[in-house]
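What follows is a single structure, written as structure tokens, with notes after it.
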Amino acid sequence: MKRKAIKYISGRKKVLVIDDNAGILFIMQEALQLKDYEVEVSEIYRGVAAIEKSAPDMIYLDISFSGHDGREVARELKGDLRTKHIPIIILTAYPNAQELMYEAQADAYLAKPFELERLWDITAKYSAWVPLV
Amino acid sequence: MKTRARPVSESILAHNKELDLTIENLPIGVTLFAPDGKVLFTNMQGALYLGYSSSKDLLRKKDLDSMRSRLFEKYIIKNEAGDLFTADESPVARAIQEKKFHEYTAHFHDRKTGKESWAIARANPVLDTAGELIMVVYSLTDISEQKILQERNDSFMSVASHEINTPVTTIKALVQILQKQLEGGADPMLRDYLTRMGHQIEQLQKLVRDLLDVSKIRAGKFEIERKTFTFEALAKEVIKNCQVISPKHKIILRSKHGTKIDGDRNNLGRVFINLIVNAIKYSSQSNKIIITITHTNREVRVGVQDFGIGISKSNQEKIFQRFFQVGNTSGKTFSGLGIGLYISERIVLEHGGRLWIKSAVGKGSTFFFSLPLQKTMRKKV
């Protein structure tokens with residue numbers, strides 16, 4: 001918590017994007033770098049330890065990618081003390097995005113296709129998010 | 001050689017037997033109930049559905065209560081929303097009590113075999129000339145096949161929209177990134193091209209959303225959100241956007257008030273857009289569209305009037321149907337899928353309002369929709 005607070009004051013925010021579509025990863029990287037975020041993209045999920053090591057300020061998570069169910073991944077991350085503080089935003093082109101967000105126990109959702117302004121708003125809000133508990 | 005004519009009584013008996021055989025073998029379950037709930041008649045399907053091995057077996061039971069308990073012993077029965085039916089929700093009992101037609105769509109889960117099926121149960125009261133109940137005709141129609149097809153269609157639409165939206169997301173974001181980077185910069189032609197691309201992407205998004213909504217409406221899963229907003233502000237916003245589509249048509253707003261509405265702003269905006277775009281599309285020879293917003297104590301009413309080709313009486317009944325489009329006098333149809341009014345009507349109905357039309361061929365059309373005002377809203381108007 002203390003480490004995060006210091007980071008909030010001093011550094012660039014880091015956003016991790018997990019999606020198996022190369023086009024989506026590309027535009028997420030381009031759009032977020034325009035706003036000076038540090039962006040890490042991945043087509044696969046490497047597990048809680050890898051996420052802890054990467055230490056992103058927030059995660060955009062696709063709902064189905066490379067054989068994974070994004071809801072299970074989100075629940076795993078939210079259920080682990082090492083990663084539960086990281087905001088998870090469900091990124092999906094499925095029409096029932098809100099329902100998927102609840103099932104994933106995620107913090108918010110961003111439905112594809114989206115306006116860049118919306119992406120930037122959500123990123124600004126959640127990357128600066130300091131959990132209360 | 002002369003053949004002897006059959007006596008009338010013999011002929012009637014023969015006809016009755018044919019009729020009995022026909023009803024017995026219908027693929028629909030038919031059961032007749034007397035006003036006191038006693039079973040007067042049932043066919044084979046009716047008996048099987050109600051958990052009996054033959055119509056004779058059911059007729060031995062002879063009353064509604066024992067049949068109902070048998071039915072609920074055999075099946076777990078749910079409605080389309082997935083809520084459990086209870087024995088006191090019997091359509092037959094309600095038809096007897098209220099002398100009104102009742103219909104339920106139900107999902108049956110056979111407790112023993114695990115078999116799943118869907119059926120529509122209809123209870124139709126038959127009254128004599130004095131309005132007294134003679135009997136209730138109860139029918140069960142198996143719609144399992146329809147339901148399976150509908151579920152397949154829904155799942156296909158969900159996957160298809162996902163697959164279309166993924167590349168659309170990339171193209172849309174790339175256009176926006178380019179627009180951002182060219183902001184205030186050089187090439188006006190490039191900027192114009194990007195704006196046009198952006199509009200086309202929005203059209204594509206709208207198409208995908210409309211098709212998905214049709215699928216949701218058919219599956220009974222279409223829902224709206226409710227938030228309070230100023231209705232006229234929405235109208236002005238939509239008119240501004242629609243004016244760009246056709247600068248030739250002057251879109252005039254006649255409204256005196258700032259009405260607060262408790263409803264789904266985005267979806268009501270779609271209704272406005274659909275009606276205005278239709279007005280533009282079907283009135284290429286004229287140059288104005290008049291939008292009037294009035295209200296009573298109970299509702300706000302909107303009229304979208306064009307001075308175009310108009311709609312004949314016979315077509316006025318069909319225009320709210322899915323995929324129906326009005327052609328012009330030479331039979332030529334207009335672009336579009338013919339789902340705008342179908343979706344608009346559903347949106348208005350979900351708000352507790354209604355959508356209707358007044359039109360005359362060659363003179364133009366006015367589409368109206370009304371939305372009820374909540375009690376708290378009424379005072380503010």
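Chain A is the first sequence line, chain B the second, and so forth, proteins listed ahead of strands; every chain is numbered from 1.
For the pair E115(A) and K172(B), the minimum side-chain heavy-atom distance is below 4.5 Å. Side-chain contact between F26(A) and L174(B): present, with at least one pair of heavy atoms (C-beta onward) separated by less than 4.5 Å.
In this structure, L34(A) and Q181(B) approach most closely via the heavy-atom pair CD2-NE2, 3.6 Å. In this structure, I27(A) and A173(B) approach most closely via the heavy-atom pair CD1-CB, 3.5 Å. Closest approach of A31(A) to I177(B), counting heavy atoms only: N-CD1, 3.9 Å.
For chain A, the nearby part of Q205(B) is the side chain; its heavy atoms alone come within less than 4.5 Å. With a 4.5 angstrom heavy-atom cutoff, I24(A) touches chain B via backbone and side-chain atoms both.
For R118(A), the CZ atom counts as loosely surrounded, since its 6.0 Å shell holds 12 or fewer non-hydrogen atoms of other residues, nucleotides or ligands. With a 6.0 Å radius and a threshold of 12 heavy atoms from other residues, nucleotides or ligands, K78(B) has its NZ atom at or below the threshold.
Interatomic distance, CZ of F114(A) versus OG1 of T169(B), reported as 6.5 Å (0.5 Å rounding). Between atom OG1 of residue T92(A) and atom CG of residue N165(B) there is a gap of 9.5 Å, rounded to the nearest 0.5 Å. Here T170(B) contributes atom OG1 and K112(A) contributes atom NZ; the two are 8.0 Å apart, rounded to the nearest 0.5 Å.
The existence of a salt bridge linking E30(A) and K180(B) is excluded, since no basic side-chain nitrogen approaches an acidic carboxylate oxygen closer than 4.0 Å.
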